Each structure stands twice: as structure tokens, then as C-alpha cells.
Protein chains: 2
Amino acid sequence: MDMKIVDVAKRAGVSPATVSRVLNDSSLVKERTKAKVLAAIKEMDYHPNSAAKHLRSQRTMMLGVIVPDINVSYFAEIIKGIENMAYARKYKVIICDSDNKAEKEQEYLALLPNRAVDAMILVTPLIDNAILYEYADKGHTIGIIGKTVTHERIPSCKTDNVKFSYQVVDHLIEQGHEQIAYIGGYPDSVETYERLEGYMKALKEHHIPFRPGLIDNGDFEEEGGYAALLRLLDAKTPITAVYVANDEMALGVYKACREKGIRIPEDLAVVGVDNNRITKYLLPPLSTVEQPKYTMGAIMAEKLIDRLTDNEFEDKHHFVIDSEVIIRESSVRKA
Amino acid sequence: MDMKIVDVAKRAGVSPATVSRVLNDSSLVKERTKAKVLAAIKEMDYHPNSAAKHLRSQRTMMLGVIVPDINVSYFAEIIKGIENMAYARKYKVIICDSDNKAEKEQEYLALLPNRAVDAMILVTPLIDNAILYEYADKGHTIGIIGKTVTHERIPSCKTDNVKFSYQVVDHLIEQGHEQIAYIGGYPDSVETYERLEGYMKALKEHHIPFRPGLIDNGDFEEEGGYAALLRLLDAKTPITAVYVANDEMALGVYKACREKGIRIPEDLAVVGVDNNRITKYLLPPLSTVEQPKYTMGAIMAEKLIDRLTDNEFEDKHHFVIDSEVIIRESSVRKA
DNA sequence: TTATATGATTAAATCGATTTCATGAAAAGC
DNA sequence: GCTTTTCATGAAATCGATTTAATCATATAA
């Protein structure tokens, strides 16, 4: 049906091998023949068959990306970073919207042994670390964004949760708050834990006693934040500020406040995390933390592609990127 | 390095052909041999090589999707619809974030003649129709979401812009408005035009004269909406309501109003389109139009996959889906 | 001028599955 | 019991590129 490399070769009066060299711009083709071949390719509108190329060269120039939900700005932005870097390096990106199903994540991971992708990037995966390690041990290339695992073959990229959480709580304390609540995400997630750590560190430095009753968890979604705040309000310890582990849950907090007639920030200061696009349009605009999502995606894609091309390992492969705390009206005492 | 189909065949004591049949669950394999083969596959942890499969079978089970910006909820939701349907049908999805660059769209289109994807879905493409027609004429499978083109081989899926725009403007008129402005998107886009059409139809039915001075265009982005509203305010004709062709631009309108001290909806009623997640958190919550984004993605993926598998054409291949107008506070007269 | 090194090109093997065609075995028909 | 179908399996060709090893051509050295 379509053209094949031999057709081009015939037309240009050379062998298929030479055409292939031109295609992959190998240095050892004379200018003159190269020109002939390129002309033939153009005239015949020849497009090399990817499958054949992949099969013979043993690389597909494809990256897989697994995220829980594309329609959450945080993940979309990471994907953009990955896609753009991949594009610059002539890679393609296959996406998996796992819908928070570990099972679906696992099915997509099978693209690795199938050789349908050269590498896989997981964003805050739910799947067991043990399974990831198995893949890595078998020589597959995988990277993780959003958390760190302890495996020498699995690079990771994340932000310094402890650091920015410390800054957030420090800011709240400076605003005069002492009764500061914390709403985490999934109880056993790294983010939840590390952000709590930064929270406690700030309290400690300011000699404010830590009260376990001020800690609650949601599920990183609006509903979870809503429920968590209601529980905190019902408890006996009064609170004047709340640090919420992500913006989605902060939306739930806003909703709860609206229903309960609690004014932000007068009655309750609120800070979230992620700098979701929504946050600056809220009333009041939400203080939050800008995570360099795009950058994290791009860095991870670049590192993995480097590894695939050079097949070399860098010793250091855990990247921790700085975040920026964005102060808006939701956490600032009115004059 | 890895296992090959012959290894499995040897282990199971059958020929590669039989293993292949089991893999593609062909009906003509005895239960007993099938079991043997499956056992061997499991024991050896065999994973068929995709490239080889694609090469021989001449299909890659991949769909390409081109969108202007993944981090806009409208597109993310469409992608989700596509990905989920693809997943159910064992297809994979390659994404392109074109960043509104026609050039990048065109580069990704080359995946078709390269046979890297079996079909391509374009969402509101910027690229020339002529180029799309060329691909379609060459026998490539492409589909379009968000607009319709007149080519018998290119299916499309969109919402009834005229209809819901009519409903929106009708609603504004019922609220007592007569000086209703319209802010379109890209001047030459189908959406811009069709939504204007619905606007005019509503005016006409209510015997309200059409004033060209009340029409302006943005670029479907926040900035464009902002600038357009400022221009409308500067003009001599006073306005009491504005219908904005998408929510992004409506955000710009909100910004302009905030700066100018214009109250919504008291001084100016506003309605957008897309039901962007942000809209319900705005103050006041924005009236908008819910487009069945997920459904559009899923339908288009399904139709294209059907076409790829049966290789049959349906006569009717332009799908127009109904949208729902969502009335919120931004367009309702206060009591 | 001949020998040697270097550069450009080609012939043929290869990647790992699917699929056509041929063949053997079992079931059905007479 | 013998022929004819039907069903299950295998041998070998095939998909379309890349790449190794061999060959030819040209430049350099002696």
C-alpha cells in the first residue's frame, strides 16, 4: 500500500541501508547522495513505518505517564512539563488517567515489559512500592514525581514539603495565631506526613505546644476537607487558623465556613497547597503554595530520557525543588 | 534478553502459531492446549513485544489526541472521555498539547502516515481544513471534536452552539435586559460564529434590534475577555448584560468589573460557556453552559474505534449533543 | 607506482510477532 | 468401512525498518 524504504532506495539509486542512514542522519553519507535520497523521500512523500523502526531498534521513543486525574490542574501541569520536554527530544507521551485505581496503574505498567514505552513516569502512585521495585529490578526505567522511594534505580522529583509547610505555619504564627489546625490528605501518604512534620517544626520553634486534637485528615478532595473541618469545629479545642494539605480540600473548608457563617480570615485563617488556578479567584483569595509542577514534569522527563540515551546513571537522582509560599487575603489579619 | 514467543512455544510443546492464537484468543484452539500455553506464559512471565505485533498486524492500537492546552478543564475532561473509552477497548492514547501552535498540530498529524497511531482526534484544531482533508483523502482516520467540517470521511462531535446560545440570551431577556453585549472568541472560529447566531436569533424573536456596536471578540482567554469588556464599556452604547463565549473570557470580564467598580449582576449580568470548575466558586457564581465534554470525548473515541475495527462507515457521522444552561447568581436580578 | 588507510556503500541478517497455506486428526455422512 | 467435512495445529512467509560485516572507491603514504 504505502511506500517502503526499498522503494525510496530504488528511486534514489542507492541501497535501503543508505536511506536508513540519511533518515537517522548518520555522519557517513556523502552530501551528494544524501541530497539525492532526501529528494526521493520528498517526491514520494515517504514516511517511515514506526513499528518496523521500533522493532528493529528496540526503542519506541515513547514515555508513559500515570496520573490519578488529568482534570486536576496539578497533574495537568506536570503532564505539560513532561510532554513539552518529550517533544523537544522527539519522544511521544502515552497517558493513563488511573482514576485512583491501583489496578489500572498496574495494567499500564505492563507497557514496560511489552516494550510499548521506553520509560514510565508515575505521579504520586498508589501502587505498592514492592511492585515498582520489581519492575526496576528487572531493568525497566521508571521515575516518580511527588514522592521519593528508596530504590537506587528509581529517580524521583518532589518539593520540600517540610520546608514550605514550616514557612506556611511560621507565617500563620506571625499573624498572631496559636490555635492552628492541620488537615492532611490520605492518612498514609508521604505528603500528608511531611507537611505535618513542617507544621510541627514551626510550632516547636515558636514554643507552641503541639495538640493532637488539632490534627485531622481528609482525602485530598473537596469533600474530605469539608468533613474534616466540621469535625475540627465540633471538637472542644477552638481554632483560629487551619493549614490544609491541598487546595482541593481548602475548597471544602471554604464551603463549610460559608455554611457555618465563619468569616475568612477574620474568624479563621486558611492556607492551602498547590496554587490551583481557582485559588486566586476565590473570595477571599486563598493563600497557598506554588509547586513548580511544570518544572518537575520537565526535569523528570529529561532525566529519564538522558538515562535511556546514555544508559548512564547519575549518582544523585532525587530532586527536591523549592516551592514558593503565596500569601493572599485568606491568611492575613485585617488592619 | 527477554522471552520470545518461540520460547513459550517450546516450553508448552506447541508451535509459535498456536501461542499467537491463544494470545489473541482465537476460537480454534483446544481447551487443553490453551491451558498448557497459558501456563507456560505465566510461568515464564512472558510479555509479547508490541512493536513486533504492530508491525505484523498493521495496527498499533493507539489513538492520538491533539488539544490546545491540557490544563484547561474543558480539554482535560474531553481527554478523560477519550482515554476511558480507549482503555475499555484496549487502545492507548498519545497526547499532544499543541499550545495553540498550528505547526505542532501538524507535526503530530504525521503520526498517521508513520502508522504510529491508528487514528487521530483533533479538538478545535487551528490547522487548515485543507490539510485535514488531505489526510482523510489518503485514507487516514481522523475525527474532530468541537467543530464540524464538511468531509464525508471526517466524523465530528459538537454541541448545538446556536441552541444553547439562544437559550442563554432568551434567559437574559426574560430577566429584563435589552442592551445585551456579546463577546466572541477567535474572530473566525465556528464557535464564535454559531454562538453569535444563537444570540441574534433570540434578539430577533423578542423583537429587540440588533446593534453591531454591542459585539466584540476576544481570544477565548482571560486577557481577551478583559480587553473586550473594557472596549464595550468605552463605547457609547450602554450595556446591562453580556454573553461571553467561554468562561475563561468571563474571568477577564469579572476582573474588569472589579477594577471599574461594576457590580455583578446588579450593574451587569454575565453568562459564560463551558461550566469550568472555577465558575461555581466565583463571586457571584457564574451562570454558564455545561457542555458534555466527557461524553463528547467518549463518543468520538468509540466511533473511530468502531470504524477501525469494522472498517465500516456510518452515513451519519456528525454528532450534535445537547448542552445544559446553568443559571447562577451572575445573571439573576436580585429581588 | 604500489601498498595502506579511510570513507562510503551494499548485501544480507535481524528484530518478534501474525497469518496463510498445508497437513494431520477427529467427526460426520453415506 | 470408506469418503468427506470440520477442527486443530504447524511450517514458513511476512511486516519494514536497522545494522553488521563485507566490499568498493578514494585518498594518503611510502
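Because the structure is predicted, anything quoted here is derived from the model rather than measured. So that the names make sense, note that chain A is the first sequence line, chain B the second, and so on, each numbered from 1.
The separation between A/N24 atom CG and D/dT19 atom P is 7 Å, rounded to whole Å. Atom-to-atom, CE of A/M3 to C1' of D/dA17 comes out at 15 Å; the value is rounded to the nearest Å. A/M61 places its CE atom 12 Å from the P atom of D/dT18, with the value rounded to the nearest Å. At whole-Å resolution of the value, CG in A/N114 and C1' in C/dA17 are 12 Å apart. Rounded to whole Å, atom C1' of D/dT14 lies 17 Å from atom NZ of B/K53. Here C/dA17 presents its P atom at 8 Å from CG of B/L23, a figure rounded to the nearest Å. One can place CZ of B/R56 at 16 Å from P of D/dA12, the figure rounded to the nearest angstrom. Distance, A/D7 CG to D/dA17 C1': 13 Å, rounded to whole Å.
Nucleic acid contact class of B/T33 (heavy atoms, under 4.0 Å, all strands): sugar-phosphate only. When heavy atoms are screened at a 4.0 angstrom cut-off, B/V19 is found touching no nucleic acid atom at all. A/V6 comes within contact range of no nucleotide atom at all, as no heavy-atom separation falls under 4.0 Å. A/V14 comes within 4.0 angstrom of sugar-phosphate atoms only, judged by non-hydrogen atoms across all strands, and of no base. Looking at heavy-atom distances under 4.0 Å, B/T18 makes contact with sugar-phosphate atoms alone, never a base.
The 5' end of DNA chain C is approached more closely, in terms of each residue's nearest nucleotide, by A/K34 than by the other of A/K34 and B/S20.
Proximity note for A/S15 (side chain, C-beta onward) versus D/dG10, D/dG16, C/dT10: the nearest is C/dT10. Here the side chain of A/P16 is nearest to one of C/dT18, D/dA17, D/dT18, namely D/dT18. Side-chain proximity of B/I5 to D/dG10, C/dC15, C/dA17: nearest is C/dA17. Nearest nucleotide to the side chain of A/K4, out of D/dG16, D/dG10, C/dT18: D/dG16. Here the nucleotide nearest the side chain of B/Q58, chosen from C/dG16, D/dC15, C/dA17, is D/dC15. Comparing C/dA8, D/dG10, C/dG16 against the side chain of A/K30 picks out C/dA8 as the nearest.
For the pair A/V37 and A/V8, the tightest heavy-atom approach, listed with the atom from each and the gap, is O-CG1, 4.5 Å. Counting all heavy atoms, side chain and backbone alike, B/R307 lies closest to B/P155 at NH1-CD, 3.8 Å. Annotation for B/N49 and A/Q58: closest pair ND2-OE1, 4.4 Å, computed over non-hydrogen atoms. Between A/G146 and A/E191 the shortest heavy-atom distance is O-OE2, 3.5 Å.
Judged purely by atom type and a 3.5 angstrom limit, B/H47 has no side-chain atom pairing as donor or acceptor with the backbone of A/N114.
Contact annotation: A/Y46 does not reach the phosphate of D/dG16 (side-chain N/O to OP1 or OP2, under 4.0 Å).
The base of C/dT10 is paired with the side chain of A/R21 by a donor and an acceptor separated by under 3.5 Å.
At a cut-off of 3.5 Å, with distance as the only test, no side-chain donor of A/H318 or A/T148 sits close to an acceptor on the other residue.
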